[in-house]
Amino acid sequence: MIDFKQTIIETIAKATNMEEQEIKNYIEVPKDMKNGDYAFPCFRLAKVLKKAPSLIAEELKAKIQSYKVDGIEQIEKIEIVGGYLNFFVNKNSIIKQVINEIAQNEEYGKSKIGEGKTVVIDYSSPNIAKPFHIGHLKTTVIGGALYNIYSYLGYNVIGVNHLGDYGTQFGKLIEGYKKWGAEYDLSTNAIDKLAEIYKRINILCKEDEKVLEKCRKDFKLLEQGDEYCTKIWNQFKDLSIKEFQKIYDLLGSKFDSWNGEAFYADKTQEVIDILQKTGKLKESEGAKIIDLSDEGIEAPCIICKSNGSTIYATRDLAAILYRSRTYDYDKCIYVTSYEQNLHFKQIFAVAKLLGIDKKYVDGLEHVPYGFVRLTTGRMSTREGNFIKVEDLLNDTINEAKKVIEQKNPDLENKDEVAKKVGIGAVIFNDLSTARIKDEVFDINSMLSFQGETGPYVQYTYVRTKSIVEKVGGVPEFDKIEANLLQDEYSQKVINLIYNFEDVLKQVVDKNEPCYLSRYLIDLAKAYSVFYNENRIICEDENLQNARVFLTYAVGKVLKIGASLLGIQMPDKM
Ligand code: ARG
């Protein structure tokens, strides 16, 4: 397809001598089509050029050259409104491009912009023998969506589940297990029981220094590869993964690597050696630290505790070394809650000292997200943290089933549909607002078919499908007359469809899947308006064909977009 946005960017660049990237950052897609298809805010240049925005706009407009394809002008009109240059693209041209592309490209919006580039996405990463909490659900969903979208844009993506499976707490758990393991049947709800054992041993450790000593010894033994300790630690790990897997199965999550913290246990010494050689590793109260005050980071990064053991950060540094060597990444992103902002600032600063190529340091990026607050019924905020995510997902599926039962009692495969709708609702809810914003987890509102929800997007899709079925299938694309889709409602829909690929690019630019979820809502809404304003099934065969084709196009884009977010579409609901 012709990339109109890029064309406009290039024309402005030619006329102003500005960098294309800068123009790209400024250029907007106006909400109201009266303001054109693309808008350039000239007031952004007012300071530099020391001129009034309207004057800049006048001058710029005069310099912009015509852009023709097959002898037809592609930019029909440029208007100046309130310091903006508004560009109107040739309507027929956009419509034709969209129709052809939708008809001929099964993977609409897919691109190769990422070809040759590798992205490591570190996401989900729960801690073994501890509950998978609602925050882990969020990283799993965000990371999964990013995984799909990067892949769709041609990047080579490696999804890593950096399990929290190492640390002195496992010494305690081993000791607790030795004492009370026989009291628990770990074949069901293993994580809850391990968490309880952990709680009990912690209490004992506080009372009795000797027990604590034993725990430390167990951890040492684990570090040294002692057979018994390794065996039960492996058991903790397997049992935990088995429980996590139930959640991953519901969500459809997949990982290319499960190398967690333990994997790096024997790789931290190299980190310490490298840091030692830089002369920056300092002793402080027995611990080894890197002072980061020069970097504007108040708290130093601890590399070794006073008892000699390494910490979370040390293993993350070893992981950076390993990933740079193994994957030769262009980007390595970490999806965690913003509570870990300081941690990532610290390790990214220390990474500069590891002697790896600058590109690997520059490629590190923390992708933080906000808190999730639970509201409904027994999932009130306080107990929220103790609610099992698996139960939460199943509750949502059950609620979805009730809604379906009510709205469409004769539907076949109700369970299958309820699963798609329930899980779709959860995923969409996690992705529907900017990552960093705190979020509310409210089953009822996220299941609403009318709100800005996953089920609303699914419902719209189902509607498009049934319309296409009603007329006996998708009309042939080469018979569609583009000029029949020039009314404002059709045009709005077409423009959105046209912009799909650009939206995907924005998602990876900012690692912000909500651009796509917002887009799907906009598209579904625009389609609703189109549907209400235009009779789709009508006397005029050509008109009907054009409108049905557009309906089909909407369904196709909604389905592709949703699946990139990790949401499956039911055929009926
Ligand atoms: N296990 C950590 C947690 O549950 C998240 C790990 C994130 N990844 C990393 N490489 N530090 O909070």
Side-chain angles (χ1 to χ4, degrees), residues 119-144 146-147 157-170 173 191 194-195 198 233 236-237 240-241 243-245 247-248 251 253 255-265 267-268 271 299 301-303 310-327 329 331-351 354 356 360-361 363-372 384-386 388-389 430 435-436 511:
V119 184
V120 175
I121 308 182
D122 177 321
Y123 67 112
S124 195
S125 309
N127 304 315
I128 69 165
K130 280 205 192 147
F132 187 106
H133 58 69
I134 188 121
H136 290 127
L137 177 66
K138 192 147 179 169
T139 148
T140 310
V141 167
I142 295 175
L146 291 176
Y147 188 106
V157 190
I158 293 141
V160 183
N161 195 333
H162 185 84
L163 287 177
D165 54 2
Y166 205 71
T168 45
Q169 72 271 27
F170 289 101
L173 202 55
I191 292 179
L194 292 173
Y198 187 65
W233 171 80
F236 298 157
K237 188 165 157 175
S240 305
I241 290 181
E243 279 195 35
F244 299 153
Q245 194 57 49
I247 297 167
Y248 295 146
L251 296 172
S253 321
F255 303 92
D256 302 300
S257 161
W258 292 77
N259 286 340
E261 292 188 47
F263 177 77
Y264 299 102
K267 298 173 180 61
T268 49
V271 171
C301 184
I302 299 174
I303 303 296
T310 58
I311 67 163
Y312 179 51
T314 331
R315 293 186 283 279
D316 254 334
L317 290 164
I320 292 173
L321 268 187
Y322 177 85
R323 291 172 186 175
S324 69
R325 291 168 185 163
T326 313
Y327 305 122
Y329 63 76
K331 282 199 213 179
C332 174
I333 64 184
Y334 300 79
V335 187
T336 81
S337 106
Y338 61 62
E339 284 171 294
Q340 298 199 34
N341 280 357
L342 176 63
H343 166 76
F344 286 105
K345 262 197 201 149
Q346 291 174 322
I347 63 160
F348 294 170
V350 178
L354 290 178
I356 48 177
Y360 298 123
V361 179
L364 297 167
E365 193 177 337
H366 182 212
V367 174
Y369 58 81
F371 278 108
V372 186
N385 298 327
F386 305 111
K388 288 171 82 175
V389 167
D430 261 344
R435 268 190 276 116
I436 206 68
N511 293 312

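Ligands are counted one by one from 1 in listed order, and the atoms in each one are counted from 1 as well.
- Taking the six-membered ring for Trp, Y334 and F348 have ring centres closer than 6.0 Å.
- Under a 4.0 angstrom heavy-atom cut-off, H136 registers as being in contact with ligand 1.
- Between F132 and F244, the ring planes lie tilted relative to each other; the angle falls in the 30° to 60° range.
- Near T336, the atoms of ligand 1 lying under 4.0 angstrom from a non-hydrogen atom of the residue are 7 (C).
- Closest heavy-atom approach to atom 2 (C) of ligand 1 among the candidates S124, S125, G164: S125.
- Taking 4.5 Å as the limit, some side-chain heavy atom of H343 sits within range of a side-chain heavy atom of D316.
- Residues Y264 and Y322 bring their aromatic ring centres within 6.0 Å.
- When side chains are defined from C-beta on, R435 counts as touching N511, because their heavy atoms get closer than 4.5 Å.
- Between Y166 and Y312, the distance from one ring center to the other does not fall under 6.0 angstrom.
- For atom 12 (O) of ligand 1, the closest heavy atom belonging to the protein is Q340 NE2, 2.9 Å.
- Checking only distances, N127 does come within under 3.5 Å of ligand 1, N or O to N or O.
- Residue, atom and distance of the protein heavy atom nearest to atom 8 (N) of ligand 1 are D122 OD1, 3.1 Å.
- Which of F344, Y334, Y312 comes nearest to atom 6 (C) of ligand 1 through a heavy atom is settled by distance: it is Y312.
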